[in-house]
There are 2 protein chains.
Amino acid sequence: MARAITEKADLLPCLAEVFRDYGYEGASLALISQATGLGKGSLYHFFPGGKQEMAEAVLAEIDAWFTTSIFTPLRTTPKAAHAITNMFAATATYFQSGQKICLLGLMGLSETRDRFAERISLYFQHWITALQNALLRLGHNAQKARTLAISSIAAIQGALVLARALNHTDTFNTVLAQAEQACLTL
Amino acid sequence: MARAITEKADLLPCLAEVFRDYGYEGASLALISQATGLGKGSLYHFFPGGKQEMAEAVLAEIDAWFTTSIFTPLRTTPKAAHAITNMFAATATYFQSGQKICLLGLMGLSETRDRFAERISLYFQHWITALQNALLRLGHNAQKARTLAISSIAAIQGALVLARALNHTDTFNTVLAQAEQACLTL
DNA sequence: GTTTCTCTGTACCATTTGGTACAGAGTCTC
DNA sequence: GAGACTCTGTACCAAATGGTACAGAGAAAC
C-alpha cells in the first residue's frame, strides 16, 4: 500500500484544526480521517488510544509551543515592557487576530473539560504566573500584578469569544490593545 | 399514559443546562431525555424540529431574559453609574460567579456557530450597544465608550472561560470587579 | 358517554459512532 | 532475496445517534 510518508508531528496541526472547528465531541473519526487524509488504520497506528490520545497529543504540542514562545520569553526578556508587548503581539499572531480560537479555552467550557482538566488548568496557571512575573518586574505591586495578569488572560480569551461571535477581527485587536495598555500603565 | 404536566416553558431550563454542560453536539437525545424526564415522544411533540428547535428555543429564552434583565435596564436606569453597577451584579448572579457558562459564548466557539450565527452575533451586539449607551451617559466620549463596552463584555466572557478552566470562582469576581472599575473611572 | 385533542411510551429505522482485526504493500536491514 | 518492521486500506463490530410511526392513556368539551 502507498505510504503517505507522514510524520506524527505533521499530523498534529491537522488534528488541532479539526478539534478547534468541531470540538472534541463533534470531531468524529470520519472528519479526522478526511482532514488528515489518513484512514482509521493509520490513525490508530499513530494513536492507539484513539481520539483521546489524539487530543492529548494536540494539547501537549500547544502547551509546548506556548511554553517556549510565550511563557518563557515573558520571564527571560530583559526589559519587562518589551516582554509584555511581545507577548500580546505573539498572542495576536498565534490566534490570527481571533480567527483561530483557543482550543484549551474551548475544551474548558464544555464537558470535555473533565477529560483534560489538569492540562487545561495548568495552561492557564502558567500563563497567568508568567505574565504576573513580568508585571512585577515592570513595577506593579504584587496585588496589582496578579489582578492585571488574570484580567489580561481573561481579556484575551473573551476577545476570542467575541471575535468569533461577531465575526470581526477588529474586536479582537481592540480588546488586546486595551489590555496591553492597562498592563503598561503604572 | 401518565401525564407529566409539563409546560414547554418549564423544559427550557433543563434543556439549557444540558446544552451548557455538553455543547450542542454532545447533548444527545438520550441525555436530554434523561435530564428532562421526557421520552422522545414528548420531546418531539413539543419540538417537532428536534434538537435544533430545542436549542433555538433555549437561545430565544436566554435572549429574552437578557433583554429584559440586562440590556433594557442599562438604558432605562436613570443614573448611568447605577445602571452599570447593576449590570455587573446581575451578570455575576446569572452566571453564578462563573460556575454557569454562557451558552451563546460556547456555541459561538465551536462549529455550532454556523447554525445559530445570527442569534449569537445579535446577542453580543445588543449587549455591547446597551453598555456603550450607559457609558456615554456616564460621560465617556464615543470612542472610549465603545472600546470600554467591548472590553467589558470580553472580560465577562473571558472570566467565564478562566473560572471554568481554573475551577475557581474568585477569578471570575476579580475580573468583573476590574472591568467594572474601568467602566466607572472617567 | 362519546368525541377530541394533548401528551407519552415503545418499538422501530437507517446512519454514524468509536474501535478492532487483519492482510498486505512499502521500506529497510542483513 | 529473506525477514522484520512500519504503515495503510478494507471490512467488520456493537453501540449509540437523530428521527419517525403509532397506539393508547388522560383530560377536557360537548
Side-chain angles (χ1 to χ4, degrees), chain A residues 1-60 103 106-107 110-116, chain B residues 1-59 61 103 106-107 110-116:
Chain A
M1 305 218 167
R3 291 192 152 198
I5 331 166
T6 35
E7 293 265 344
K8 190 169 167 178
D10 299 335
L11 250 43
L12 295 179
C14 263
L15 288 174
E17 198 186 330
V18 181
F19 284 125
R20 246 188 282 266
D21 287 348
Y22 298 92
Y24 183 80
E25 298 294 327
S28 67
L29 284 186
L31 278 169
I32 293 171
S33 183
Q34 192 187 335
T36 57
L38 292 180
K40 286 196 201 178
S42 307
L43 289 173
Y44 273 85
H45 169 74
F46 288 116
F47 305 98
K51 226 166 77 161
Q52 168 110 17
E53 191 177 337
M54 297 180 207
E56 263 161 11
V58 168
L59 293 183
L103 188 53
L106 170 62
M107 287 192 166
S110 55
E111 119 284 14
T112 317
R113 180 183 64 154
D114 303 336
R115 248 177 231 273
F116 309 104
Chain B
M1 305 219 167
R3 291 195 153 198
I5 331 164
T6 37
E7 292 266 342
K8 189 168 167 177
D10 298 335
L11 249 44
L12 295 180
C14 265
L15 289 173
E17 198 186 330
V18 182
F19 284 126
R20 245 188 283 266
D21 286 348
Y22 298 93
Y24 182 79
E25 300 293 329
S28 69
L29 284 186
L31 277 169
I32 293 171
S33 183
Q34 191 187 335
T36 57
L38 292 180
K40 285 195 201 178
S42 306
L43 288 174
Y44 273 85
H45 168 75
F46 288 116
F47 306 98
K51 225 165 82 159
Q52 168 110 18
E53 191 176 336
M54 299 179 206
E56 263 160 13
V58 168
L59 292 182
E61 203 214 26
L103 188 53
L106 172 62
M107 287 192 167
S110 55
E111 121 284 16
T112 317
R113 179 182 65 154
D114 304 335
R115 249 177 231 271
F116 309 104

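Just so we're on the same page: letters track the sequence lines, and every chain starts at 1.
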Check against side chain to side chain contact (heavy atoms under 4.5 Å, CB included), A:Leu59 and A:Met107: CA-CA 10 Å; A:Leu59 293 183; A:Met107 287 192 166; 4.0 Å; yes
From CA spacing to verdict: side chain to side chain contact (heavy atoms under 4.5 Å, CB included), B:Met54, B:Leu29: CA-CA 11 Å; B:Met54 299 179 206; B:Leu29 284 186; 3.9 Å; yes
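Distance alone, capped at 3.5 Å, places no donor-acceptor pair between the B:Lys40 side chain and the B:Ser33 backbone. Not a single donor-acceptor pair under 3.5 Å links the side chain of A:Ser110 to the backbone N or O of B:Tyr22. In terms of modelled atom types and a separation under 3.5 Å, the side chain of B:Tyr24 and the main chain of B:Gln52 share a donor-acceptor contact.
Checking D:dT8, C:dT20, D:dG19 against every side-chain atom of B:Lys51, the shortest atom distance belongs to D:dG19. The nucleotide whose nearest atom lies closest to any side-chain atom of B:Phe46 is, among D:dG19, C:dG19, C:dC7, C:dC7.
Remark: B:His45 is not in phosphate contact with C:dT8, judged by side-chain N or O atoms under 4.0 Å from OP1 or OP2.
In this structure, A:Leu38 places its CG atom 13 Å from C1' of D:dT6, rounding to the nearest Å. Protein atom CZ of B:Phe47 is 12 Å distant from nucleotide atom P of C:dT8, rounded to whole Å. Rounded to whole Å, atom P of D:dG19 lies 3 Å from atom OH of B:Tyr44. Between the P atom of D:dT8 and the CG atom of A:Leu43 lies a distance of 9 Å, rounded to the nearest Å. In this structure, the NZ atom of B:Lys40 is 13 Å from the P atom of C:dC12, given to the nearest Å.
In the region residues 14-34 of chain B, proximity to DNA chain D at under 4.0 angstrom, judged on heavy atoms, holds for B:Ala27, B:Ser28, B:Leu29, B:Ala30.
Expressed to the nearest 0.5 Å, how far OG1 of B:Thr36 lies from CG of B:Leu12 amounts to 11.0 Å.
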